[in-house]
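Shown next, in structure tokens, is the structure this report addresses.
Values below: every heavy atom of this structure, side chains too, minus hydrogens, waters and symmetry copies.
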Amino acid sequence: MKIALVDDEQTCLDEISCICEKFAKEHMLDIEIAAFTNGEHFLEALEENDYSIVFMDIYMEKVGGISAALTLREKSSNCILIFLTSSREHMPDAFSCHAFDYITKPFLEQRVNNVLSDALKVLPNPEKYIEIYSSREKIRILFNNLCFVTTNAHYLEFGLVGKTMLRSRMTMSEFLQCIGEEPRFITVNKGIVVNADYVFDFQDNCCIMEDGTKFPIRVRDCLKIEQAVREYHFEKIRKKQQCRR
């Protein structure tokens with residue numbers, strides 16, 4: 001997820017960049033931040049980049065925030081546009097650019113966090129990740145690339161896309177705590193968690209993954225697990241349809 005910060009005050013850029021990075025880490029989001037000290041440089045970058053979220057200062061020399069926002073809207077109608085301002089004087093003009101929200105300066109961290117949380121609710125599935133230590137190396141695993149996780153003694157084994165396997169010394173409860181309430185990951189048996197995006201079928205009390213890997217399911221939970229996978233995919237389709245409207 002790309003985030004653009006446009007403000008001619010370097011201190012503001014540094015502050016909001018720090019808040020965004022902290023928010024991303026807490027919510028396990030894979031983000032890329034681009035900072036611009038003027039509207040001209042932002043518009044140049046816009047020729048080759050698409051941004052999910054743009055924080056735009058209204059008061060800037062030469063190309064002001066409203067002007068830059070109008071150009072942004074000519075290219076992207078879906079981008080989340082958030083204005084930064086020290087005065088509400090130009091807010092009617094700002095909302096004519098279909099701004100998502102605005103933040104007054106000096107801004108509070110909690111205010112920025114609240115706006116980011118609201119933005120996540122309307123953005124289509126921003127990329128999340130988990131960080132693990134494998135072979136003494138810190139590795140970031142994108143949720144989209146994680147097919148399943150299994151327990152092996154005091155370790156967890158992470159099955160990735162392309163049949164790559166990673167091993168990390170951690171418990172399943174620690175893993176589940178790290179991912180939080182993430183509906184795509186479903187526990188099918190003790191010490192076995194699968195990513196519903198990579199479940200191919202259910203047969204003979206087994207969960208069959210797209211790569212052919214089979215995991216036994218607790219017999220008493222078969223119907224509940226199959227229903228959880230179906231509900232996840234139904235909700236995923238529903239969200240995609242809402243984004244297209």
Side-chain angles (χ1 to χ4, degrees), residues 1-129 131 140 142-143 180 239-240 242-245:
M1 183 170 67
K2 290 186 176 183
I3 299 178
L5 314 177
V6 191
D7 198 306
D8 55 7
E9 297 180 40
Q10 188 62 50
T11 54
C12 287
L13 288 176
D14 294 340
E15 187 175 354
I16 202 163
S17 178
C18 182
I19 294 173
C20 288
E21 288 175 353
K22 182 179 177 182
F23 180 89
K25 187 172 183 179
E26 291 175 350
H27 291 77
M28 295 173 291
L29 299 174
D30 187 29
I31 68 169
E32 179 182 325
I33 296 177
F36 305 93
T37 55
N38 58 64
E40 299 99 303
H41 290 165
F42 167 71
L43 293 179
E44 289 173 5
L46 194 61
E47 294 296 323
E48 299 180 357
N49 294 277
D50 291 316
Y51 298 101
S52 300
I53 300 176
V54 174
F55 287 89
M56 179 80 70
D57 183 24
I58 288 183
Y59 298 102
M60 294 184 292
E61 296 182 2
K62 295 184 179 180
V63 178
I66 301 297
S67 177
L70 289 172
T71 303
L72 167 66
R73 280 290 173 249
E74 291 176 1
K75 179 181 179 182
S76 174
S77 60
N78 297 322
C79 172
I80 298 291
L81 175 61
I82 302 161
F83 279 110
L84 307 174
T85 178
S86 55
S87 170
R88 300 184 183 184
E89 179 184 353
H90 294 288
M91 292 319 298
D93 293 330
F95 283 104
S96 69
C97 303
H98 305 290
F100 180 78
D101 209 333
Y102 69 94
I103 298 173
T104 55
K105 298 180 182 180
F107 44 79
L108 300 175
E109 180 176 350
Q110 188 57 52
R111 170 60 177 154
V112 178
N113 286 340
N114 290 342
V115 173
L116 286 171
S117 294
D118 289 340
L120 288 185
K121 295 175 184 177
V122 298
L123 286 172
N125 293 326
E127 189 66 270
K128 293 185 178 182
Y129 69 90
E131 289 184 336
R140 176 180 293 185
L142 297 178
F143 284 7
K239 286 183 178 180
K240 284 184 178 179
Q242 287 180 337
C243 289
R244 292 186 186 128
R245 292 173 184 172

Nearest 0.5 angstrom please: [X] [atom1] to [Y] [atom2], how far?
X: L29; Y: E21; atom1: CG; atom2: CD; result: 12.5 Å
X: I19; Y: Q110; atom1: CD1; atom2: CD; result: 10.0 Å
X: I16; Y: F55; atom1: CD1; atom2: CZ; result: 4.5 Å
X: S52; Y: L123; atom1: OG; atom2: CG; result: 5.5 Å
X: N38; Y: D8; atom1: CG; atom2: CG; result: 8.0 Å

State whether the number of non-hydrogen atoms from other residues, nucleotides or ligands found under 6.0 Å of K22 atom NZ is greater than 12.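 Counting neighbours around NZ of K22, 12 or fewer heavy atoms of other residues, nucleotides or ligands fall under 6.0 Å, so no.
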In terms of heavy-atom contacts, does NZ of K75 have more than 12 from other residues, nucleotides or ligands at under 6.0 Å?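 Yes.
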Search all heavy atoms of [X] against all heavy atoms of [Y] and return the closest pair with its distance.
X: C20; Y: I31; result: O-CD1, 3.8 Å
X: A69; Y: M56; result: N-CE, 4.2 Å
X: D50; Y: K2; result: O-CD, 3.4 Å
X: Y51; Y: L46; result: CD1-CD1, 4.0 Å
X: C97; Y: L70; result: SG-CD2, 3.7 Å
X: Y129; Y: K25; result: OH-CA, 4.1 Å

Close side-chain approach of [X] to [Y], heavy-atom, < 4.5 Å:
X: L43; Y: F36; result: no
X: C12; Y: D57; result: no
X: I53; Y: L116; result: yes
X: K105; Y: I58; result: no
X: I3; Y: L5; result: yes
X: E9; Y: L84; result: no
X: V54; Y: F42; result: yes
X: T37; Y: Q10; result: yes

What do the steps show when you test F23 against S117 for side-chain contact (heavy atoms from CB on, under 4.5 Å), and what is the final call? CA-CA 9 Å; F23 180 89; S117 294; 3.5 Å; yes
Please evaluate residues M1 and L120 with respect to the criterion side-chain contact (heavy atoms from CB on, under 4.5 Å), reporting the C-alpha separation (whole Å), side-chain torsions for both, the decisive distance (0.1 Å), and the verdict. CA-CA 11 Å; M1 183 170 67; L120 288 185; 4.2 Å; yes
List the steps and the verdict of side-chain contact (heavy atoms from CB on, under 4.5 Å) for R140 and D30. CA-CA 9 Å; R140 176 180 293 185; D30 187 29; 3.1 Å; yes
Dump the intermediate steps for side-chain contact (heavy atoms from CB on, under 4.5 Å) on I66 and F83, then the final yes or no. CA-CA 9 Å; I66 301 297; F83 279 110; 4.0 Å; yes
